[in-house]
Colleague: 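Have a look at the structure that comes next, please.
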Amino acid sequence: MSETTQTEITVAGMTCGHCTAAVSEELSALPGVVAVAVDLHPGEDSPVTITSEAPLDPATVASAVAEAGYSLR
(Lines give C-alpha, C1' and ligand atoms only; values in the text may rest on other atoms or scores of the structure.)
Protein backbone atom coordinates (compact mmCIF):
# COMPACT_ATOMS: atom_id res chain seq x y z
CA MET A 1 0.00 0.00 0.00
CA SER A 2 1.42 3.37 -0.96
CA GLU A 3 1.58 6.24 1.47
CA THR A 4 -0.63 9.28 1.11
CA THR A 5 -0.12 12.93 1.97
CA GLN A 6 -2.65 15.16 3.70
CA THR A 7 -2.90 18.85 2.87
CA GLU A 8 -4.84 21.10 5.23
CA ILE A 9 -6.38 24.28 3.82
CA THR A 10 -8.96 26.79 4.99
CA VAL A 11 -11.64 27.97 2.56
CA ALA A 12 -13.63 31.18 3.02
CA GLY A 13 -17.21 31.81 1.95
CA MET A 14 -18.85 28.40 1.93
CA THR A 15 -22.35 28.37 3.42
CA CYS A 16 -24.08 25.13 2.38
CA GLY A 17 -23.82 21.63 0.97
CA HIS A 18 -23.72 22.95 -2.60
CA CYS A 19 -20.65 25.03 -1.69
CA THR A 20 -19.00 21.99 -0.16
CA ALA A 21 -19.77 19.90 -3.25
CA ALA A 22 -18.37 22.54 -5.62
CA VAL A 23 -15.07 22.80 -3.73
CA SER A 24 -14.83 19.02 -3.28
CA GLU A 25 -15.45 18.43 -7.01
CA GLU A 26 -12.71 20.85 -8.11
CA LEU A 27 -10.17 19.53 -5.61
CA SER A 28 -11.01 15.89 -6.38
CA ALA A 29 -10.23 16.54 -10.05
CA LEU A 30 -6.61 17.40 -9.26
CA PRO A 31 -4.12 14.68 -10.27
CA GLY A 32 -3.34 12.31 -7.41
CA VAL A 33 -6.16 13.41 -5.10
CA VAL A 34 -7.88 10.40 -3.52
CA ALA A 35 -10.17 12.12 -0.97
CA VAL A 36 -11.47 15.52 0.09
CA ALA A 37 -13.06 16.14 3.51
CA VAL A 38 -14.76 19.48 4.20
CA ASP A 39 -15.70 20.53 7.74
CA LEU A 40 -18.34 23.13 6.83
CA HIS A 41 -18.75 26.11 9.16
CA PRO A 42 -21.48 28.13 7.39
CA GLY A 43 -20.56 31.79 7.08
CA GLU A 44 -17.11 31.22 8.57
CA ASP A 45 -13.80 29.83 7.37
CA SER A 46 -14.06 26.06 6.81
CA PRO A 47 -11.16 23.61 7.17
CA VAL A 48 -10.61 21.20 4.28
CA THR A 49 -8.38 18.11 4.32
CA ILE A 50 -7.12 16.85 0.96
CA THR A 51 -5.63 13.35 0.80
CA SER A 52 -3.35 12.76 -2.18
CA GLU A 53 -0.76 10.35 -3.49
CA ALA A 54 1.93 13.07 -3.45
CA PRO A 55 2.33 16.59 -2.07
CA LEU A 56 0.17 19.14 -3.91
CA ASP A 57 1.35 22.41 -5.40
CA PRO A 58 -0.19 25.23 -3.31
CA ALA A 59 -0.87 27.34 -6.43
CA THR A 60 -2.74 24.44 -8.03
CA VAL A 61 -4.87 23.98 -4.91
CA ALA A 62 -5.63 27.72 -4.74
CA SER A 63 -6.57 27.70 -8.43
CA ALA A 64 -8.98 24.78 -7.94
CA VAL A 65 -10.66 26.52 -4.99
CA ALA A 66 -10.94 29.74 -7.04
CA GLU A 67 -12.46 27.77 -9.94
CA ALA A 68 -15.18 26.66 -7.52
CA GLY A 69 -15.82 30.32 -6.66
CA TYR A 70 -14.12 30.53 -3.26
CA SER A 71 -10.83 31.66 -1.78
CA LEU A 72 -8.24 30.34 0.63
CA ARG A 73 -7.60 31.94 4.00
Colleague: Indicate the atoms forming the closest heavy-atom contact of A22 with A68, along with that distance.
Modeller: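 Heavy-atom minimum between the residues: O-CB, 3.6 Å.
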Colleague: When the side chains of residues 53-65 are checked against the rest of the protein, which donor-acceptor pairs come out under 3.5 Å, sequence neighbours left out?
Modeller:
from: D57; atom 1: OD2; to: T60; atom 2: N; distance (Å): 3.3
from: D57; atom 1: OD2; to: T60; atom 2: OG1; distance (Å): 2.9

Colleague: Distance-only criterion, 3.5 Å: show the donor-acceptor pairs between side-chain atoms of residues 10-17 and protein atoms not counting sequence neighbours.
Modeller:
none

Colleague: T49: what forms a side chain to side chain donor-acceptor pair (under 3.5 Å) with it, not counting sequence neighbours?
Modeller: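 T49 satisfies side chain to side chain donor-acceptor pair (under 3.5 Å) with E8 only.
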Colleague: According to the salt bridge (Lys or Arg N to Asp or Glu O under 4.0 Å) rule, which pairs have a member within residues 12-22, sequence neighbours left out?
Modeller: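 Salt bridge (Lys or Arg N to Asp or Glu O under 4.0 Å) check on residues 12-22 returns no pairs.
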Colleague: Output a table of donor-acceptor pairs, distance under 3.5 Å, between side-chain atoms of residues 23-45 and any protein atom two or more places apart or on a different chain; print 'none' if there are none.
Modeller:
from: S24; atom 1: OG; to: T20; atom 2: O; distance (Å): 2.9
from: S28; atom 1: OG; to: S24; atom 2: O; distance (Å): 2.8
from: D39; atom 1: OD2; to: H41; atom 2: NE2; distance (Å): 3.2
from: D45; atom 1: OD1; to: R73; atom 2: NE; distance (Å): 3.0
from: D45; atom 1: OD2; to: R73; atom 2: NE; distance (Å): 3.4

